[in-house]
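Below is one structure, written out as structure tokens; comments come after it.
In this chain, residues are counted from 1 in sequence order. Quick note: numbers below take in every heavy atom, side chains included, and nothing from hydrogens, waters or symmetry partners.
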Amino acid sequence: MKMLRVNTGELGILQGQEMLVTDFDTSGPFWTETGDREVRAHIDFPERFLRPPVVQLSVTMWDLDSDRNQRGDLRPENVTAAGFDIVFHTWGDTRIARMRVGWTAIGALPDEHDFIL
């Protein structure tokens, strides 16, 4: 484990939410199917960070079938200075009607001396 050290005068914190699953309304696979299922959503930051920030995800709302097992794996992937992917995976007989994910990105911001591609 390595600590993120910010050697800059400015620290950026961005927050947002993404409705990831709405399968009850659409009869989608998270509600109607079983086995491995995955959904991805790409998030573009409105401003670039100096380098890839730390991204924290949380489930802010979920609506699950109470008669089934509740399984899930939520993680950020492909984190860059410009954005990242939210990835949610479930398996077995889990049925998810709706799910919203909150995210927070924290990292150094470029200053006038930093060269950003």
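- Residues forming a side chain to side chain donor-acceptor pair (under 3.5 Å) with Gln17 (at least two apart in sequence, or on another chain): Thr60, Arg100.
- Phe88 and Phe24 are not part of a single hydrophobic cluster, where members link through side-chain heavy atoms under 4.5 Å apart.
- The closest donor-acceptor contact from the side chain of Thr104 to the backbone of Gln15 lies at 3.5 Å or more, if one exists at all.
- Annotation: salt bridge (charged side-chain N to carboxylate O under 4.0 Å, His left out) contacts of Asp85 (sequence neighbours excluded): none.
- Residues satisfying the salt bridge (charged side-chain N to carboxylate O under 4.0 Å, His left out) test with Glu38, not counting sequence neighbours, are Arg40, Arg75.
- Every residue two or more places apart in sequence or in another chain that forms a ring pair (Phe, Tyr, Trp, His ring centres under 6.0 Å) with Trp91 is listed here: His89.
- Distance check, rounded to the nearest 0.5 Å: CZ of Arg71 to CG of Leu64 gives 11.5 Å.
- Looking at Arg48, its side chain never comes within 3.5 Å of a backbone N or O of Ala82 through a donor-acceptor pair.
- Looking only at distances, no side-chain donor or acceptor of Thr80 sits under 3.5 Å from a matching main-chain atom of Pro52.
- Scanning for salt bridge (charged side-chain N to carboxylate O under 4.0 Å, His left out) contacts around Arg95 gives Asp65, with sequence neighbours left out.
- For Asp67, the side chain to side chain donor-acceptor pair (under 3.5 Å) criterion is met by no residue, not counting sequence neighbours.
- Between Pro29 and Arg37, the shortest heavy-atom distance links the atoms O-CD, 3.2 Å.
- The shortest heavy-atom contact between Leu50 and Pro110 is N-CD, 3.6 Å.
- Heavy-atom minimum distance, Asn69 versus Thr94: O-OG1, 2.8 Å.
- Qualifying salt bridge (charged side-chain N to carboxylate O under 4.0 Å, His left out) partners for Asp25, counting only residues two or more places apart in sequence or in other chains: none.
- Checked against side chain to side chain contact (heavy atoms under 4.5 Å, CB included), Thr32 has the following partners two or more places apart in sequence or in another chain: Ser27.
- Contact detail for Pro53 and Ala81: the closest heavy-atom pair is CD-CA, 4.4 Å.
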Evaluation steps, side chain to side chain contact (heavy atoms under 4.5 Å, CB included), between Met19 and Met61: CA-CA 9 Å; Met19 195 67 169; Met61 185 276 294; 3.3 Å; yes
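- Here the closest heavy-atom approach between residue Val21 and residue Phe30 is recorded as CG1-CB, 3.8 Å.
- Hydrophobic clustering (ILVMFWY, side-chain heavy atoms < 4.5 Å, transitive): Ile96 and Trp31 are in distinct clusters.
- Between atom CD of residue Gln70 and atom CG of residue Asp93 there is a gap of 10.5 Å, rounded to the nearest 0.5 Å.
- The ring-ring contact (aromatic ring centres under 6.0 Å, His included) contacts involving residues 58-81 comprise nothing, where partners must be two or more places apart or lie in separate chains.
- Legend: residues meeting side chain to side chain contact (heavy atoms under 4.5 Å, CB included) with Leu57, ordered by chain and number and at least two apart, are Val55, Leu74, Pro76, Phe84, Ile86, Val101, Trp103.
- Taking CG of Leu109 as the start and CD1 of Ile13 as the end, the distance is 9.5 Å to the nearest 0.5 Å.
- Under the rule for a side chain to side chain donor-acceptor pair (under 3.5 Å), Glu47 has no partner lying at least two apart in sequence or in another chain.
- Applying the side chain to side chain donor-acceptor pair (under 3.5 Å) criterion to Arg98, with sequence neighbours excluded, gives Asp63.
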